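Written out below as structure tokens is the structure these notes cover.
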Amino acid sequence: MQGSIDTAQSTINIAQEGAASHHEEHPDHRMFGILVFLCAESMLFMGLFIAYITFRLVAVEWPPAGTPELEILLPGINSLILISSSFVIHKADTAVKKNDIAGVRTWFGVTALMGAIFLLGQGYEYANLEFGLRDNLFASTFYVLTGFHGMHVFVGLLLMVAVLWRARNPEHYSSESHFGIEAVELYWHFVDVIWIILFILLYLW
Amino acid sequence: MNIPSSIVTLLVGIFVTLASLWYGQNHGLMPVAASAEAELVDGLFNTMMTIGFGLFLLVEGALVVAAVRFRRKEGDMGDGEHLEGNIPLEIVWTAIPAVVVLGISIYSFDIYTRMGGLDLMNHNMAPAEASSSVQVAYAPGEGDMPLMTNAANATAEVPAILVADATAGMGAIPGTAVGSLLSIDVKGLQYAFIFSYPNGIIDGELHIPVSQPVELNLGAQDVLHAFWLPEFRIKQDMIPGQDTRLVFTAIREGTYPVVCAELCGPYHGGMRTQIIVESPEEYQTWVDSRLTAMAAGDRTIANLPKAPADRSELEYLNNFVEPMQLAIAPESLAELQTHHTDYSPADYPHAEHHSLEMGS
Amino acid sequence: MTVTTAAKTPASDVPMLLGNERKWTDYFTFCTDHKVIGIQYLVTAFFFYLVGGSLATVMRTELATPAPDIVTPDVYNGLLTLHGTVMLFLWIVPAGAGLANYLIPLMIGARDMAFPRLNAIAFWMIPPSGLLLIGSFFFEPPTAGWTSYPPLSLTTGMLGEGIWIMSILIGGTASILGGLNFLVTILKMRVPSMSLTDMPLFCWAMIATSLLILISTPVLAGALILLAFDLFAGTAFFNPTGGGNPVVYQHMFWFYSHPAVYIFVLPLFGAISEVVSVHARKPIFGYRAIAYSSIVISFLGLIVWAHHMFTSGTPPWLRMFFMITTMVIAVPTGIKVFGWVATLWRGKIAFTSAMLFAMGFIALFLIGGISGVMLAAVPFDIHVHDTYFVVAHFHYVLFGASVFGVFMAVYHWFPKMTGHMINEFWGRVHFALTFVGMNLTFMPMHELGLMGMNRRIALYDPQFTDLNVLATIGSYIMAVSTIPFLINAAWSWRYGPKAPANPWRALTMEWRTLSPPHIENFEELPVLTTGPYDYGLGYIAEEDPAELYEHAVPAPVAG
Ligand code: HEA
Ligand code: HEA
Ligand code: CUA
Ligand SMILES: [Cu+2]
């Protein structure tokens, strides 16, 4: 451990005495990093989507005989909630740019709540579905895709809680420094877009 | 010596061309060509060897010459020439490979078409029957597994998710009278091939008549296998739940190996048998002898070796130095055969005198 | 030892230090310095190379005779699966990542990677993933080959297959995090005076590699997750008995694993572009062509995957599409190969070990590339698919290019990394043995495959014995060849003569700092004075410029 601590210290040291630009640039890299990461993450979903599409296209009958119709109403409402939460979280971003930390807390709280409702709705849907994970290929892909997406929603919730926790300290975020907020917002938009594709593929197509 | 460099280049060019032309014809790397398809593939391979060998000589030659001629002298601390590139030269060496690969692509495409690769007509298989389950003597690991005919495979055991008629593989050489194909079902299972002939014969070896297009309908019982005939240059994976198909024409009598070319378990290496290409008369004799035996109630296929598990490795190995035999229990076959009892000598495919007016 | 602590120490009666030596214990810590991480990657990878090579040696011993007599066929399949997996995911990928980690910041004049902590996390995922995989050998190894095709992989034993999936998921995550770091670092952290076309070609190659990693690795993860569901939860995505489609797995697997072959080789393409130029003292021939061809290769690499599936029942018109795209890759690759040869031509070639390995690299890659183009021709591939011809092809590109490339890079950058010169004589011995052993092992495999020997078999038709014996002898020579290298590297690291800052008088930036570099890479941010390959224009780089030592720092009081 010794070595790493030393290095961290001297980084700061040099950054302060030397070219100050080194430090300022950093937040930019992080947002860029998140963006690149989300591109990679979307390839994961892309792979699963393409698998689903292929399964579907080569099948003689889809969904396989005996699969009950999917209920559209509840998931539809659920989707609307998730999609609108993307607009809500953007409010937090606008707020922080005006140094309105209370606004950040509110909007993040609301978004987190909407996300939680989405998850509960999904749980309710799972509980009432008439097919199980192993019933047929459609059922398996349905659960894996929605489950995997749900996991991402859950991670998003955790991230929001973390931001809220940090925002207890009114100094933590400011109009200059709010990487956490922007990153979570971007992530949340990503989760939303994935859901839209997923909803179209699984429920509407 | 001061031979002008253009002459040196010319000489090198001539040498490389001659050497690769010679090598392309005389590499001796392919086994005998026993099918019409094999001759086409060998033509392609020889061409690619010619080009490949030429490229090999040129680039490796340039490396060796550079290594010899442009060594750094002892104590020379200077730099080489400042040569950052040469656009015309770069265009040339982009264009030449582009043209070469385009040429190979077109040639391959042509060969592929002539082998019937694009010609995958939807071949209607026998109407689905109820699954005819039979027990295989050994299927290591999983215990006994039901053995199904291909047609039953698509409908019964396996839910109809996969499209049964999305047949892949190689079609007939265009021009072949398709209706006259001798059509044989092949089932791959750990670790054997089972051949079901149209007239109810079931065997562990593939007998076919020479100079007559043969169609193989490939299916797999448990895991992926691949059906490979090295001397015929054809191969096709056998996929559980999805039938594939190969059509080819043998042009040489003889006995050649049949090899499984897809990892299918520990004894993948032992999953071999043989294909026996005979004159139509010999083939007929074989069919007759099999039919008589079956009519007399003999339902064994051939002698039945024990499973590899309870034999020493060497014994097992001998098994495919000698002709490979099939490891299937008599009762299993008996059951399989009940579905084919309605044969009569008139059904023998070749008895109808196939027209051999294929394009080749 | 660092700037911070040093500032508090009275400067007078303590010896002067350069502030560049690392304690050996640092290499066993969660250190965020990219140089430490780079070396950690390289050493770990090399350990796994020895493991993978030992497995290969056992396999070759088994294959010396047609009968499965040394090991049972079951064990053989375990060896083969682990050999393939270890060599690819634990040797070549981490070795490339190690070079990238060490070199990128130095080459672009940055103090560290963009995300140092993420970088360390990525590295520390490799050892557990590798040990898990190797450990499985002692319980129940995975036996379905490195491709792990279902349904076979679903029937060979849950434990082994589960470990295989776990270990690749971990390794894949590490690789994605690494790629992310490389890309952001190269794009965002160059010294201000360096435009993209002033970058060393290694950085270009790493941009291409990172893009491939980021685009394709997640798809593999998707495939493995579905496979894991089939294995543990009893779903049937890929299991025909439940209505699944095993071919979909193959598509997803190769969508990663074909680009992966360029993930293996592109970093070394980058490295060789540095090495030939420096050791022939000539500018790289066609900088832009070589730089852009990396990007073209990575784009084309994404649309050729089904050439591994020509016999899997791919529809005919798709086979034709994939055949043509595959062949087209020969064009950008050819641009590179010709560029390297032209760089050597009329240069002043020094036969250092690095240069020898570079020439071996080109020579062997050419052979593997030509056999690759042959494989792309569908009618021919139908014959040789899953035979030893393919095994020969990929060892020529993997061993001949990637492994020779790593050795080349190690000989070239060893002085920079360790501060000591490596022994050249033993380097040449290493080269000669490896080159001979390599060709003896893998050349006969072409003929074996064409004549009818399929791959992944523990027992084979006795007609193939002679060529197999030859291959086995070759593999023993290769095994022996690693010994001089091991001893040489270990000995030189400790006792080799002190390396000057720039022993090869190269122009890229990593040579413009001490050997090994300062903890912070550069005393002050370097300014570009020449392009990376401006040989022959009169800039002669000094071996050991005195000004590098001006800022020597007094050592801290014992601590
Ligand atoms: C570093 C790894 C690496 C690299 C770089 C390559 C490079 C190439 N590979 Fe290879 N390949 C593998 C690793 C690699 N491969 C592996 C591991 C497998 C087997 C996987 C498994 O099944 O387990 C495999 C299998 C494989 C197959 C499937 C074989 C089969 O299973 O049936 C095919 C088929 O098309 C193929 C083609 C190619 C081609 C066209 C290239 C091209 O990129 C090569 C291009 C280079 C050149 C051509 C040489 C230089 C060019 C010139 C000098 C210009 C002039 C040349 C011409 C005009 C020809 N490879
Ligand atoms: C980078 C990748 C890489 C490398 C470097 C190698 C290196 C070698 N490979 Fe491998 N190989 C693969 C990747 C690689 N391979 C892959 C992907 C497969 C396919 C797997 C599959 O089908 O699923 C394969 C398959 C494969 C096969 C085919 C197996 C089969 O299909 O049945 C064979 C057979 O000969 C083989 C041999 C060798 C040999 C002899 C070496 C040699 O070059 C190895 C040389 C190195 C050493 C010999 C190190 C020796 C060191 C010691 C002996 C000292 C030990 C000391 C300590 C541990 C302290 N390999
Ligand atoms: Cu069946 Cu290999
Ligand atoms: Cu490939």
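Hydrogens, waters and symmetry mates are skipped; everything else that's a heavy atom, side chains included, is used. Only a predicted model underlies this, so the values are computations on that prediction, with no experimental measurement involved.
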So, the side chain of C/Asn454 versus the backbone of B/Cys260: is there a donor-acceptor pair under 3.5 Å, distance only?
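At least one qualifying donor-acceptor pair exists.
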
Which atoms of [X] come close to chain B, meaning under 4.5 Å heavy atom to heavy atom: side chain ones, backbone ones, both, or neither?
X: C/Val75; answer: neither
X: C/Asn77; answer: side chain
X: C/Thr387; answer: side chain
X: C/Leu344; answer: both
X: C/Met374; answer: both
X: C/Asp534; answer: both
X: C/Met355; answer: neither
X: C/His446; answer: neither

Under 4.5 Å from any heavy atom of chain C, what part of [X] do you find: side chain, backbone, both or neither?
X: B/Ala95; answer: neither
X: B/Ala62; answer: both
X: B/Leu29; answer: both

With rounding to the nearest 0.5 Å, note down the distance linking [atom1] in [X] to [atom2] in [Y].
X: B/Gln242; Y: C/Ser312; atom1: CD; atom2: OG; answer: 9.5 Å
X: C/Leu450; Y: B/His27; atom1: CG; atom2: NE2; answer: 8.0 Å
X: C/Phe285; Y: B/Glu84; atom1: CZ; atom2: CD; answer: 10.0 Å
X: B/Phe109; Y: C/Met323; atom1: CZ; atom2: CE; answer: 7.5 Å
X: B/Ile87; Y: C/Arg288; atom1: CD1; atom2: CZ; answer: 9.5 Å
X: B/Arg69; Y: C/Arg346; atom1: CZ; atom2: CZ; answer: 8.5 Å

ask   = Which heavy atom of C/Ala363 sits nearest a heavy atom of B/Glu60, and at what distance?
value =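 Nearest pair, atom of C/Ala363 first, then B/Glu60: O-OE2, 2.7 Å.
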
Report task. Taking the six-membered ring for Trp and the full ring for Phe, Tyr or His, determine whether the centres of C/His385 and B/Trp228 are under 6.0 Å apart. Result ->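 No, the ring centres sit 6.0 Å or more apart.
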
field: Most chain B-contacting option - heavy-atom pairs closer than 4.5 Å, from C/Thr156, C/Ile349, C/Ile324, C/Ile457
entry: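 Max contact count across the listed options: C/Ile349.
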
Query raised in the report: For the residue pair C/Phe380 and B/Phe45, does the interplanar ring angle fall in the parallel (under 30°), tilted (30 to 60°) or perpendicular (over 60°) class?
Result: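 If you compare the ring of C/Phe380 with that of B/Phe45, the planes turn out parallel.
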
